[in-house]
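One structure coming up, written as structure tokens, with questions to follow.
Chain identifiers are assigned alphabetically (A, B, ...) following the order of the sequence lines, protein sequences preceding nucleic acid strands; residue numbering begins at 1 within each chain.
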There are 2 protein chains.
Amino acid sequence: MALYDFYFQQFNEKVPLTNEEQEQIQSYLTLNKIRKKQSFLQEGEVCKSYAFVNKGSLRKYSIENGNEHIIQFAIEGWTVGDLLSFLSEEPATYHIDTLEDSELVLMSKAAHDELLNIQPKYETYFRLLITGAYIALQRRHSFSLSLPVEQRYMDFVEKYPEIVQRVPQHMIASYLGLTPETLSRVRKKLTKHK
Amino acid sequence: MALYDFYFQQFNEKVPLTNEEQEQIQSYLTLNKIRKKQSFLQEGEVCKSYAFVNKGSLRKYSIENGNEHIIQFAIEGWTVGDLLSFLSEEPATYHIDTLEDSELVLMSKAAHDELLNIQPKYETYFRLLITGAYIALQRRHSFSLSLPVEQRYMDFVEKYPEIVQRVPQHMIASYLGLTPETLSRVRKKLTKHK
DNA sequence: GGCTTTTCTTGATTTAAATCAATGAAAAGG
DNA sequence: CCTTTTCATTGATTTAAATCAAGAAAAGCC
């Protein structure tokens, strides 16, 4: 079915699959539609599925005494979930919800475990997925330690121009660890010097 | 040989190996001794090997206009390397050097690639290694966005008491994204309220 | 042991960002 | 369409941490 085309397009870029393998893996996937501003995962619940974003956008965040801190955005082609909760089946420490009407391709924990056992290419795909995420996160953390706010914002705009278009500014501020007011002032300064 | 015992002890905790498998993997490893304060990797070089710390300690850091920012410490049982550089064979963006006399178990890129192809258990080991590192980094990044300095320092002390003993305080400050002066004052405040 | 270097602490001052407060603009929703 | 939220900007003030500066303590080395 065309429903999983995008998922397998991304998969094949990492690990090429035969048609049979693709059908095998597809049988473990389910589709899930969620409307805008609905919760996909709440802190304290177990993250039962890992999600690939077919359509729409989500945010992952933590809440620390009333303040939301956005950890990650996910748009089409990205995956999202609370990995620790998913793998260990312990309560999640993050919240995940949709920013727009979304369509998710879900891999349940049971499906994930079984595929790891029976389909080496799935393990390779997952390894590459996590490796990429780790490298990106390390870069991001490193930047947040060493670069001034202006450069961190410019880097974000350059790297994720689509997210800048689709996500409210105050959420990007939260992602960068700033208040909305500060980001507004940073932007003002940057447009002046351009 | 006993030289690799500690490496395989850690490996077996993630993925149990038979003696034959262990010997097979061992034939791809090399041992490396480095004296205190020597470089293991410099920015701009390609990270030719990923290192497991048998003995000693290292730090990974970036330099941004003269300022060092410590990304990671590695003591016995940890692994360290510039993962992006290692996998892509592009120039490293990080520096890595020893803090004490150290002994490293090295896996070269060629060995890594070959083992991934011929020994599924090595792939599983590596997947679990990176998965753990990713989860830990996400937690750390999340804390650095949301927790006040005091709690971040307490969390560090609780999680890595050994590193606190062995590493100069100003490097811990750098790891936490603080100046040495600020960390000194944070510590003073914490001992008072205890 | 004494000398040098590194590390840590403390104080005074500056600076960057948060907070507080208000207004205007845009988007969402009936 | 109008009303209500949500969102972005701007200004004034406060606050936390960086910076600047100096001295004390500890560690490393001939």
Begin with the C-alpha distance, continue with both residues' side-chain angles, and end with the deciding distance and a verdict on side chain to side chain donor-acceptor pair (under 3.5 Å) for B:Y28 and B:E114.
-> CA-CA 9 Å; B:Y28 287 91; B:E114 199 172 325; 2.9 Å; yes
Reckon A:K36 touches a base, only the sugar-phosphate, or nothing at all at heavy-atom distances under 4.0 Å?
->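 Counting heavy atoms under 4.0 Å across all strands, the contact made by A:K36 is with sugar-phosphate only.
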Calculate the interatomic distance between B:I70 atom CD1 and C:dT7 atom P; express it in whole Å.
->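 Those two atoms, CD1 and P, are 10 Å apart.
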Walk me through it: do B:L104 and B:V53 pass the test side chain to side chain contact (heavy atoms under 4.5 Å, CB included)?
-> CA-CA 5 Å; B:L104 307 175; B:V53 184; 4.1 Å; yes
What integer distance in Å separates A:N67:CG from C:dC20:P?
->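 Interatomic distance, CG of A:N67 to P of C:dC20: 11 Å.
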In residues 153-165 of chain B, what residues come within less than 4.0 Å of DNA chain C, judged by heavy atoms?
-> none
Side-chain ion pair, A:K37 and A:D97, N-O less than 4.0 Å |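 So A:K37 does not pair with A:D97 through a salt bridge.
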Is B:Q169 near enough to C:dT6 that one of its side-chain N or O atoms lies under 4.0 angstrom from OP1 or OP2?
->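 It does not, given that no N or O in the side chain of B:Q169 lies less than 4.0 Å from OP1 or OP2 of C:dT6.
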Looking at every strand, decide which applies to A:L183 at a 4.0 Å heavy-atom threshold: base, sugar-phosphate, or nothing.
->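 Nothing: the residue A:L183, judged by heavy atoms under 4.0 Å, touches no strand.
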Residue whose closest nucleotide on DNA chain C lies nearer the 5' end, A:E181 versus B:R187 =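 Whichever sits nearer the 5' end wins; that is B:R187.
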Hey, are B:K55 and B:E100 close enough for a salt bridge, meaning a charged N less than 4.0 Å from a carboxylate O?
->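 Not counted as a salt bridge, because no side-chain N and carboxylate O are separated by less than 4.0 Å.
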Is it true that B:E162 and B:R166 have a side-chain N and a carboxylate O under 4.0 angstrom from each other?
-> yes
Is the shortest heavy-atom distance from the side chain of A:L87 to the side chain of A:H112 under 4.5 Å?
-> yes
Give the C-alpha distance, both sets of side-chain angles, the deciding distance and a yes or no for side chain to side chain donor-acceptor pair (under 3.5 Å) between A:E123 and B:T124.
-> CA-CA 8 Å; A:E123 173 163 29; B:T124 301; 2.9 Å; yes
C:dC8 phosphate, OP1 or OP2: any side-chain N/O from B:H170 under 4.0 angstrom?
->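 For C:dC8, OP1 or OP2 has a side-chain N or O of B:H170 closer than 4.0 Å.
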On DNA chain D, which is the earliest and which the latest nucleotide, 5' to 3', with an atom closer than 4.0 Å to a heavy atom of chain A?
->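 Listed 5' to 3', the contact boundaries are D:dC7 to D:dA12.
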Audit row: A:M107, A:Y7, side chain to side chain contact (heavy atoms under 4.5 Å, CB included) steps and yes/no = CA-CA 11 Å; A:M107 174 72 72; A:Y7 177 86; 4.0 Å; yes
